[in-house]
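As structure tokens, the structure follows; a few thoughts come after it.
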Amino acid sequence: MKKNLKAVILVCMSILLLSLVGCTANPDKESQTGLEDKKAAEQSEKVANPDQSGEKMIGIVQIVEHPSLNTIRESFVQELAKEGFKEGDRISIDYQNAQGDQTNLKTICQKFANNKYDLIVAIATPSAQAAAGETKTIPVLFSACTDPLGSGLVANLEKPGQNVTGTSDAVSAEKIMQLAKRITPKIKTVGALYNSSETNSVSVVKDLKAYAAKNGLKVVEATVTNSSDVQQAVASLTGKADAIFSPIDNTVASAMPVVAQVANKAKIPVYVGADSMVKDGGLATYGINYTVLGQETAKMAVEILNGKKAGDIPVKMMSEMDIYVNKDTAKAIGVVIPEDVVKEAKVFGK
Ligand code: TRP
């Protein structure tokens, strides 16, 4: 017990002595605090940006988790590793999901910018718009933005010029509607189901209207602001529309099982913009392969990580498209998909 007390006194005395030495060696207390602040800042910078350890820091921001966006992200990370940028080796990844919320998106992108990450990968248009709004210096690589020009992400697809470039999943409303005509030739009124604040959807719906005007179709709209509006919006189209058209809309894609449930009950065919929306119960689309899109995005990331300026890399459009159909949905709504369409298509369901 006595021994312990002695040890405590000894320790206290050495602490006192050490602090006294510290004070005489550094009479200017303020500058010492400044130094410590700087050291602390450097330390936190090191945590946020492990550049000093040779690792590049990549922030991935995704507006919401739905199957297509998850496919893109997984394929991106896999391809990056294949190209020699493995997590925990040459890169560190900070993945954030905004859960469909604009305020979250802003907070996430602000954090990425404040931490001075080396690259921001923004999956889907709303994420890309938020990221581009927070930094003019850190490269922003967008992924699967349907209309990068109309969404204000780049001013020129060939020469983006600023710190923003990426991949686009532009689709053709006309081609999807031509497919719709092959499967359900009698449709006269099409219900456009989308979130009017998603610029990626607005541009496709504009094309749909142009196609409809030329081809004697009528378009009625059902817009939503978040995924909890979707059920009501689909219900509002039953009795009004012979078919539903939903573009590559993140809000609708997140609620696709609900769309299928309501539309199938009303026996309305749903034509969509992406394969995952067909897999989740839509009837058909003519669209791109998102695994390939993720890989292409990774190749652009490699160029940027190796020092190329984002603004010098042209936006990559995906040119290969396939027909996707869902036979379970066809059965549920009593539609027979013509054999020639099935032959050309990638088929979900039996
Ligand atoms: N193209 C969408 C955008 O610009 C993102 C997206 C990719 C998407 N794949 C999808 C949306 C599938 C709905 C369904 O934001």
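Counting convention: from 1, in listed order, for ligands and their atoms alike.
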Quick check on ligand 1: any N or O pairs to the protein under 3.5 Å? One line per pair.
| unit_1 | atom_1 | unit_2 | atom_2 | d |
| --- | --- | --- | --- | --- |
| ligand 1 | 1 (N) | Ala144 | O | 2.7 |
| ligand 1 | 1 (N) | Thr146 | OG1 | 2.8 |
| ligand 1 | 1 (N) | Asp169 | OD1 | 3.1 |
| ligand 1 | 1 (N) | Asp169 | OD2 | 2.7 |
| ligand 1 | 4 (O) | Thr125 | OG1 | 2.5 |
| ligand 1 | 4 (O) | Ala144 | O | 3.0 |
| ligand 1 | 4 (O) | Thr146 | N | 3.1 |
| ligand 1 | 4 (O) | Thr146 | OG1 | 3.4 |
| ligand 1 | 9 (N) | Ser68 | OG | 2.9 |
| ligand 1 | 15 (O) | Thr125 | N | 2.8 |
| ligand 1 | 15 (O) | Thr125 | OG1 | 3.2 |
| ligand 1 | 15 (O) | Asn200 | ND2 | 3.3 |
| ligand 1 | 15 (O) | Asn250 | ND2 | 2.9 |

- Straight-line distance of Lys159 NZ to Thr165 OG1, nearest 0.5 Å: 12.5 Å

- Query: Given side chains that start at C-beta, do those of Tyr324 and Val272 come closer than 4.5 Å, heavy atoms only?
  - Reply: no

- Please report the shortest heavy-atom distance between Lys136 and Asn163, naming the atom on each side. C-ND2, 3.3 Å

- May I ask you to test the Ile58-Ser92 pair for a side-chain heavy-atom distance under 4.5 Å? no

- Residue pair Tyr286 / Asp322, side-chain donor-acceptor N/O under 3.5 Å: no

- Using the six-membered ring wherever Trp is involved, compare the ring planes of Phe112 and Tyr117 and label them parallel, tilted or perpendicular (cut-offs 30° and 60°). tilted

